[in-house]
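Bear in mind that the values here come from a model prediction, so they are computed numbers and not experimental data.
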Amino acid sequence: MSRNLDINVEHLTRVEGHGNIVVNMREGVLEKAQLEIVEAPRYFEAMLKGRSFHEAAIITSRICGICSLGHQITSLKATEQALGLEVSEQTVLLRKLLIHGATLQSNILHAYFLAAPDFLGEGSVFPLVGTHPEVVVRALRMKRLANDIGDVVSGRAVHPITPVPGGFTRIPTRKELLELKRRLVEDMVPDFAATVDTMEALAGAIPDFTRETEFISLRSEDEYGLYDGQICSTDTGCVPDTEYMAMTNEHVVGHSTSKHCKVSRSSYMVGALARWNNSHDKLCDVALDAAKRLGLAPDCHNPYMNTIAQVVEAGHCALDAVAIIDKLLDDGLKDEQPNQEPTRFGTGVGATEVPRGILYHEYTYDRQGRVAAANCIIPTGQNLANIDDDMKKLVPEIVGETKEEITLKLEMLVRAYDPCISCSVHLLDVDFIE
Amino acid sequence: MADKPLRTDKPRVAIFDFTGCEGCELNQLNFEDQLLDILAHVDIVEWREAMDGHADEYDIAFVEGCLSTPDCIKRIHDIRRRTKVLVALGACAVTGGVNAVKNTRPIEDVREEVYGDDKYLFPTLPALPVSSVVKVDYNVRGCPMTQIEFLRLFTALVMGKDFVEPDQSVCVECKLRENECVFEKGMICLGPVTRAGCNAHCTTVGQYCTGCRGLVSEPNIKGMEEILVQHGLSVDEAWKRLELYNANQLEGVQR
Amino acid sequence: MAQFFLATDRVADFVAHLMAQKPVFAPHPKGRRSYAFALTEQAADVVLDYPRTLHSVKKYFLPPREELLTFDLTANSGAVTEPEPTDAVFLGVHSYDLAAVHRLDFSFGHGNPERNYLTRRQGALFIGVSFAPDRFHFSGSVGIDPYDMTGCDAFLTKLDDGWVLDVLTAEGEALMDGFDLEPFTGTKPPRGHFTQHIYVPQAKLGDIMKRSHDHEVWAETADDCVGCGTCNLVCPTCYCFDVQEHVDVTVTQGSRERSWDGCMLRGFSEVAGGEVFREERAARQRHRVMRKFLYISAETGHPWCVGCGRCTQACTAGISIVDIVNRLVGDAERTAVAPV
Amino acid sequence: MKLHELQPPSDPRDLYLPEMATVTQVKKLTALETLYTVEMPDGRELGHQPGQFVEASVFGVGEAPFSISSSPTQKGEFEMGIRKVGMLTEVLEGLKPGAKLGIRGPFGHGIPLERFQDRDVLIVAGGIGLVPMRSMINYVLDNRDRFGKLIICYGSRSDDELLFTDELAKWEADPRVDFRVTVDQGSDAWQGNVGVITTLIPGLDLDLDNTACCVCGPPVMYRFALLALKSRGLPEDAIWMSLERRMKCGVGKCGHCQINDSYVCQDGPVYHYPDIKNLREAL
Ligand SMILES: Cc1cc2nc3c(=O)[nH]c(=O)nc-3n(C[C@H](O)[C@H](O)[C@H](O)COP(=O)(O)OP(=O)(O)OC[C@H]3O[C@@H](n4cnc5c(N)ncnc54)[C@H](O)[C@@H]3O)c2cc1C
Ligand code: SF4
Ligand code: SF4
Ligand code: SF4
C-alpha cells in the first residue's frame with residue numbers, strides 16, 4: 001500500500017508533561033515516527049551546582065511531581081555514597097516501604113486514570129464517575145491508601161519531606177504503621193483482586209504487537225529489586241550500579257529537551273515490563289497469579305503490556321509493604337536521628353527502580369559538601385528511543401487502518417510507557433495528511 | 001436565593017501546566033476524599049494531564065508552572081484572555097519556584113552545563129512567575145501547592161467570595177502546633193520569613209522550612225540572614241538557602 | 001495544710017494514683033530537648049524536673065485553635081460549639097505558669113466574662129512543682145518564687161531523693177485519698193538562684209515604661225527582629241486571637257474558628273483598606289513589651305510578664321525581653337541621676 | 001485550684017453567637033456605599049446609643065464591625081451604611097431584602113449624650129464618617145429641645161460620593177441646622193465649596209464655651225481637623241472623636257483594636273479627646 005500519512009499529535013493528553021507524536025509516511029515509506037518532547041527545559045543539573053548536600057534531594061525531587069519520591073530516594077543514595085554516610089537498616093526498610101507506596105500509587109493512577117479510558121473508549125476518567133462509579137471509588141480508595149503510605153512515612157506523598165541524607169527527620173509511630181497495615185490487608189488486598197477482575201475484562205482492548213528489544217532494570221537476588229540491586233540487561237547481563245554509564249549511553253537528540261539513551265541496540269526499554277522480564281521470579285504468588293490471569297508471561301515483548309506489568313507489580317507492592325511493616329514492628333521502631341556527618345567528599349551514584357523504570361543520579365561533592373557536578377538520567381528519557389523504534393515497526397503494520405485508529409494506537413503505545421514527560425518529555429499530537 | 005450570597009451556577013474550570021514538575025496537578029488528583037465533592041461543584045472543561053478535550057472559555061483557570069520559553073508567554077496571554085479568574089497554582093507559578101534558581105547564574109553557563117554543544121537547540125528565558133506576565137487573581141502557594149489552601153480557595157470561589165492570603169510567618173502555625181523549633185535541633189529554618197498557610201507541614205515532621213510558600217510581605221531579609229549566619233551558615237550559603245524558592249523575589253535585594 | 005514526703009521511686013505510683021481518679025495532664029518530653037504538657041497515658045512518661053514546656057497550660061483553657069460556632073449554609077443558621085468543661089488534674093505546673101493562668105482569669109473573667117475560657121478553666125486542679133531557674137527564667141524579678149504555691153491544690157518541691165508534697169486544699173486532699181504517704185518533717189532546701197534579673201519592681205517599672213516610648217531600643221531591636229510572632233505565641237499571658245471562617249468542600253457546612261494571634265505580626269494591626277497602625281517592627285516590639293509591663297499592669301498592679309523566659313529562649317533572632325527592659329531601666333536611672 | 005469566684009456567665013446569649021437579623025431594605029447610596037435597614041429577631045429593639053456599633057456577619061464569609069447609622073429614636077429597625085472594601089462588605093452588597101444577617105451588639109461607648117445636652121452640637125464628618133454621625137444628627141433633630149444649635153461640617157472626596165443626599169438636602173433646608181458641605185474635587189455640576197473639610201471650620205459661628213463637638217472620618221483627617229478646631233479656640237474637652245480599628249471580637253478580648261492600653265471596642269469607638277491626646281498610635 002502506498003500511503004501518505006502525516007500524524008502530528010500535539011500535546012498528547014493523559015501523560016505527564018508535554019509531548020507530540022509525529023509520523024510521516026510518503027508513498028508507503030516511513031520517513032519519520034517519533035515522540036517529540038516539547039517540555040520546556042529545566043536545567044536541573046545546573047541548578048544543583050554549588051548547593052549544599054542538604055538541598056540536593058529537595059531540588060531533584062522537583063524534577064517530577066509524579067516520581068518525586070523516586071528522585072528523592074535516588075538522590076539520597078547518591079549523596080550518601082558520595083559523602084560516606086551510613087544508613088540504618090530501619091532507614092532502608094522505611095525507604096523500601098515508601099517505594100512500594102509510590103509504585104502502587106503511580107501504577108494505580110496510570111492503569112485507572114490514564115490508560116483505562118482508552119480501553120473503554122473514553123477521553124478521560126471523568127465520564128466513568130457516572131458510568132462506573134464503583135470502579136472510580138475503588139481506584140480512589142487504592143490511590144488514597146498508597147498516598148497515605150507516603151504521607152505517614154515521608155510526611156507527604158508528593159515531594160516527600162522527612163527522607164533526608166542519612167535517614168529520616170521523623171520516624172512513623174507504631175500506631176500509624178499498624179493502621180496502614182490494617183488498611184492494606186482489609187482494603188487493598190480485596191481491591192487489588194477486584195482490579196485484576198476489571199483489567200481481565202478490559203485486556204482484550206490491548207493491541208497485539210511485538211518487537212524484540214533490550215530490557216534493562218535493577219535485579220536483586222534477595223527480593224523483587226526496586227530499592228537496590230545490580231543493573232541487568234536481557235542482552236548483556238548484570239553490572240554494579242556504579243557502572244551505570246555503560247548501561248545508558250546518553251546522547252542529545254534534536255527533537256527532545258530530554259536526552260535519549262541506547263546501549264547495545266538502537267534502543268532499550270525500562271519500566272515495569274523490563275522488571276517483569278528480569279525479575280518475575282521474585283514476585284509474590286498473588287502477583288504471579290494476577291500475571292497468569294492477565295496473560296502476562298516472561299519475556300514479553302509487547303510494550304502495550306507494560307500497563308499490565310504495572311498492575312501485576314502493584315499487587316506485589318501491596319503485599320510486600322505488609323511484610324516490611326511487620327519486620328519494622330518486630331524489630332521495634334527506633335527513634336533514630338539522620339546521620340549527617342560526612343566521612344568523605346567524592347562521587348556517588350544512586351540507582352533505583354521508580355514506576356517508569358530505572359533512575360540514576362550521580363553527584364560529586366566538594367569539601368564544603370556542595371554539589372560540584374551532577375547527572376540525572378531519567379527513565380522516560382531512556383525509553384524515548386524505544387518508543388520511536390516501536391512506532392517505526394508499528395506504523396507499517398497498521399497502515400491499513402483508519403487514521404483515527406492509527407492515531408489512537410500510537411497514543412496508546414506512548415501512554416503504555418506511562419511517560420513522565422515533565423522529567424524530560426511532553427505530549428503527542430497526530431496530524432494525518434493522506 | 002434572596003438570603004444567601006452563594007453562587008448557583010457551576011463554574012467552568014480549566015487546568016494548565018507550564019514549566020514545572022506537575023506535582024501540583026498531581027496533588028489535585030490526590031484529593032481522593034474530596035475529588036467527587038469538588039467535581040460536584042465545577043465543570044472541568046480542560047485538563048491535559050487527565051483528559052482529552054479543549055475549551056474556548058472558562059470561569060477559572062488554574063495555571064501550574066513557571067514561564068520559561070517564548071511559547072509559554074504566548075500561551076499564558078491566550079489563557080488570560082479566555083478566563084475570568086486566573087489562579088497561579090504552586091510555587092513555580094507564584095514565584096518561579098526552584099526553576100528560578102537558574103536565574104541566579106548566567107543563562108549561557110546553565111545551558112552549556114546541561115546540553116553541552118547542543119545548548120542552542122532549546123530556547124529558554126529566565127524562569128518567571130505568572131504574575132510577571134499577566135494579571136493573577138489568586139495564588140495557591142507551596143511546592144507542591146498546599147492542599148488545604150487549595151480547598152480554601154476553591155470553596156471561596158464556589159461561594160463567590162474573595163480569598164485572602166495569609167500574611168504571617170510559618171512560625172505562627174508551627175507554634176500553634178507546639179512543635180519543637182528545628183533550630184533547637186541544630187538545623188536552620190526559613191519559617192520566620194516564609195508565608196504561612198501550610199500549617200507548618202515540614203517543621204511538624206522535623207524538616208526545616210525551605211521557604212516554598214514565598215516570603216511574607218515586608219520581610220526582614222537582613223535579619224533572617226543574620227539568624228542563619230548565627231546558626232553556622234556562611235553568608236553565601238544563607239543566601240542560597242533563601243533563594244531556593246525566592247530567587248525572583250530577592251533579585252536586587254542588598255546582601 | 002499537711003506536708004508529706006514522696007520518694008523518687010514512688011513518683012510513677014503517685015501519677016498512676018492520680019490517673020485512676022481523673023485525667024492527668026503533665027509535662028512529657030517532646031522532640032530532642034523540649035517538653036510539652038500532654039494527657040498522661042503512662043505514668044512513667046511524666047517528667048517533673050524540667051526547665052519549661054513549649055506552651056504553658058494556657059493551651060487547655062484557651063486552645064491554640066478553637067471552634068466558636070458551626071454553621072449550616074443551606075439553612076443559614078449557626079450554633080455555638082459548647083466548650084468542654086474540664087475535670088482534670090494539671091500536674092507539674094511551674095509557679096509562673098500558674099501565675100499566668102491567674103492573669104488570664106482576670107482577662108477572661110472581667111469586662112465581658114467569656115464562657116469558653118471560664119468553662120474550661122473552672123474544674124482544673126493544679127499540682128505545682130518547683131523548678132531550678134535556668135539561664136532564661138527571671139520570674140523572681142516579677143515576684144514569682146520557684147516555690148510559690150499560690151493557686152495550687154498540692155505542690156511538689158524537689159529534694160535530692162524525692163519531693164516534698166504540700167497538700168493545700170480540700171480538693172488536693174481528696175486527690176491524695178488512699179495513697180500512702182509519710183509525713184515530711186524536714187525543711188525544704190533553699191531554692192535555686194536566678195541568673196536573669198530585672199532590676200526594678202513593677203511599681204517603678206511602669207513609670208520607666210511610660211517614659212520610654214521614644215527610646216532607641218525599639219528601633220535597634222527591630223533591626224534583628226524578623227517579625228515572626230514566636231515571642232507572642234509562646235507567651236503564657238498572651239491571649240490575642242484571630243477569628244476566621246472555614247467552609248468545607250461541600251460548601252454546605254462551616255465553622256467560625258479562633259486561633260492565637262500576636263501583636264508582633266504585621267497584619268495584626270491592619271484595618272480595612274490595608275493601613276497598618278503599627279507598621280514599624282519597632283512599634284510592635286514596643287507594644288508587646290508595654291503590654292507586659294505597663295498597660296494591664298497599671299490597671300492591676302501586676303506585671304503581665306511572669307518571667308518564664310519562653311519568648312527569649314524561643315526568639316529566632318535571639319532577642320531578650322530582659323535585655324530590653326534592663327536597657328530601659330539603666331537609661332532611665334542614668335537620666336534620673338544625671339545633674340540638671 | 002478550682003475557679004470559685006469567677007463563674008461562667010449565665011447570660012444565655014453567647015458572646016460570640018450572632019442573632020439572626022433580617023435585612024428589610026437595601027438602598028444604594030453611591031457606587032461604593034449601601035444603606036441596610038435591619039430588623040432584629042422578633043422585632044426586638046437594638047437599644048443603642050449614637051456612636052455605637054454592631055458586629056455584622058455572614059456565615060462562611062466573616063464578621064466585621066459597623067456603626068449604627070440610624071438614630072435610637074427610630075424604632076423597630078436600625079440602619080447601617082457600609083462601604084464595599086473587601087470580602088465581607090462585597091458579599092453584603094449582594095444581599096437582597098429578606099436576607100438574614102448575623103448581628104452581635106450593640107458594642108462600645110457611643111457619644112456621651114449627657115455631655116452634649118443643652119449645648120450646641122458640632123459634627124465634623126469626613127467621608128464614610130458621616131455614617132455613625134448621622135445617628136447623632138438625627139437624634140438631635142428628634143430631640144430638638146434638649147440641644148442647642150446643630151452645626152454639621154461634612155466633607156467628601158467628590159460630589160458623586162456624597163452620602164444620604166436627600167437627607168443632606170433636608171438638613172440644608174432646616175433653619176435649625178447650620179449645614180456646611182465641601183468636596184475635595186467637584187464635578188462641573190458642583191456649585192458648592194471645594195476644599196478639604198478643615199477649610200469649613202474657620203468660618204463657623206461657634207459659641208466656644210457652650211459647644212460639644214464630635215469628629216469622625218478617615219485616619220488622616222483627625223490631625224488636621226483637631227488643629228483647625230483648636231485654632232478656632234474650641235477647648236479640648238469639648239471634643240469627642242470616633243476611632244476605627246480592626247476587631248475580631250468586639251468585646252475586649254482579641255486585642256486587635258488595642259491602642260496602647262485602650263481597647264477601641266470597649267473604651268471607644270467614641271473617645272473624649274483629652275483622654276487620647278497623649279495616646280501614641282491613636283491619631
Ligand atoms: C467601630 C467601627 C465602626 C465601623 N463602621 C463602619 C461603617 O459604618 N461602615 C463601613 O463601611 N465600615 C465601617 N467600619 C469599617 C469596617 O469594619 C471594615 O470596612 C470592614 O472590616 C471591612 O470588612 P471586609 O471583610 O469587607 O474587608 P477586608 O478587611 O478586606 O476583609 C478582610 C476580611 O478577610 C479576613 N481577613 C483579613 N485578613 C485575613 C488574613 N490574613 N487571613 C484570613 N482572613 C483575613 C477578615 O476576617 C475579613 O473578614 C467600622 C469599623 C469600626 C472599627
Ligand atoms: S521550626 Fe521554623 S517555622 Fe517553626 S518556629 Fe522554628 S523557625 Fe519558625
Ligand atoms: S513576656 Fe516572655 S518571659 Fe514574660 S511571660 Fe511572656 S513569654 Fe514569659
Ligand atoms: S520571636 Fe523574636 S524575631 Fe520573632 S517577632 Fe518576637 S522578637 Fe521578633
Notebook entry, point to check: Parallel, tilted or perpendicular for Phe150(B) and Phe154(B), by the 30°/60° rule?
Noted result: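 Phe150(B) and Phe154(B): parallel rings.
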Check: Hey, what's the ring geometry for His361(A) with His71(A), parallel, tilted or perpendicular (30° and 60° as the breaks)?
Finding: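 Taking His71(A) first and then His361(A), their aromatic rings sit tilted (interplane angle of 30° to 60°).
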Check: Side chain, backbone, both or neither: which part of Ser68(A) has an atom under 4.5 Å from a heavy atom of chain B?
Finding: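 Interface part for Ser68(A): neither.
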Checklist line | chain B contact via Val158(A) - side chain, backbone, both or neither, heavy atoms under 4.5 Å | finding: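 Both parts, backbone and side chain.
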Any heavy-atom pair between the side chains of [Y] and [X] that's under 4.5 Å?
| X | Y | result |
| --- | --- | --- |
| Leu76(A) | Pro163(A) | yes |
| Leu333(A) | Thr173(A) | no |
| Arg241(B) | Tyr208(B) | yes |

Note to self: If I measure from the heavy atoms of chain A, does Gln207(B) come under 4.5 Å with its side chain, its backbone, both, or neither?
What the structure shows: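 Interface part for Gln207(B): both.
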Check: Checking Cys143(B) against chain A: side chain, backbone, both or neither under 4.5 Å from a heavy atom?
Finding: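 The answer is both parts of Cys143(B).
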Check: Is there any residue in residues 148-157 of chain A with a non-hydrogen atom under 4.5 Å from a non-hydrogen atom of chain B, and which ones are they?
Finding: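 Within residues 148-157 of chain A, the residues under 4.5 Å from chain B are Gly155(A), Arg156(A).
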Notebook entry, point to check: Out of Asp236(B), Thr210(B), Leu244(B), which one racks up the most heavy-atom pairs below 4.5 Å with chain A?
Noted result: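 Between Asp236(B), Thr210(B), Leu244(B), the count favours Leu244(B).
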Next item on the list: Give the member of Arg170(A), His54(A), Glu55(A) that has the highest number of heavy-atom pairs under 4.5 Å with chain B.
Entry: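 Greatest number of close heavy-atom pairs with chain B: Glu55(A).
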Notebook entry, point to check: In terms of heavy-atom pairs under 4.5 Å, which option from Thr162(A), Val137(A), Val136(A) contacts chain B the most?
Noted result: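 Looking at each of Thr162(A), Val137(A), Val136(A) in turn, Thr162(A) comes out on top.
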Notebook entry, point to check: When you look at Thr95(B) and Asn248(B), which way does the side-chain hydrogen bond (donor to acceptor under 3.5 Å, both in side chains) test go after all the steps?
Noted result: CA-CA 7 Å; Thr95(B) 68; Asn248(B) 282 322; over 6 Å; no
Item checked: Note: Glu134(A)-Arg138(A) ion pair, threshold 4.0 Å (strictly below) ->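 No salt bridge links Glu134(A) with Arg138(A).
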Notebook entry, point to check: Are Arg12(B) and Asp43(B) close enough for a salt bridge, meaning some N to O gap below 4.0 Å?
Noted result: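 Salt bridge: no.
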Next item on the list: Taking Arg213(B) for its side chain and Thr194(B) for its backbone only, find out whether a donor-acceptor pair lies under 3.5 Å.
Entry: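 Absent.
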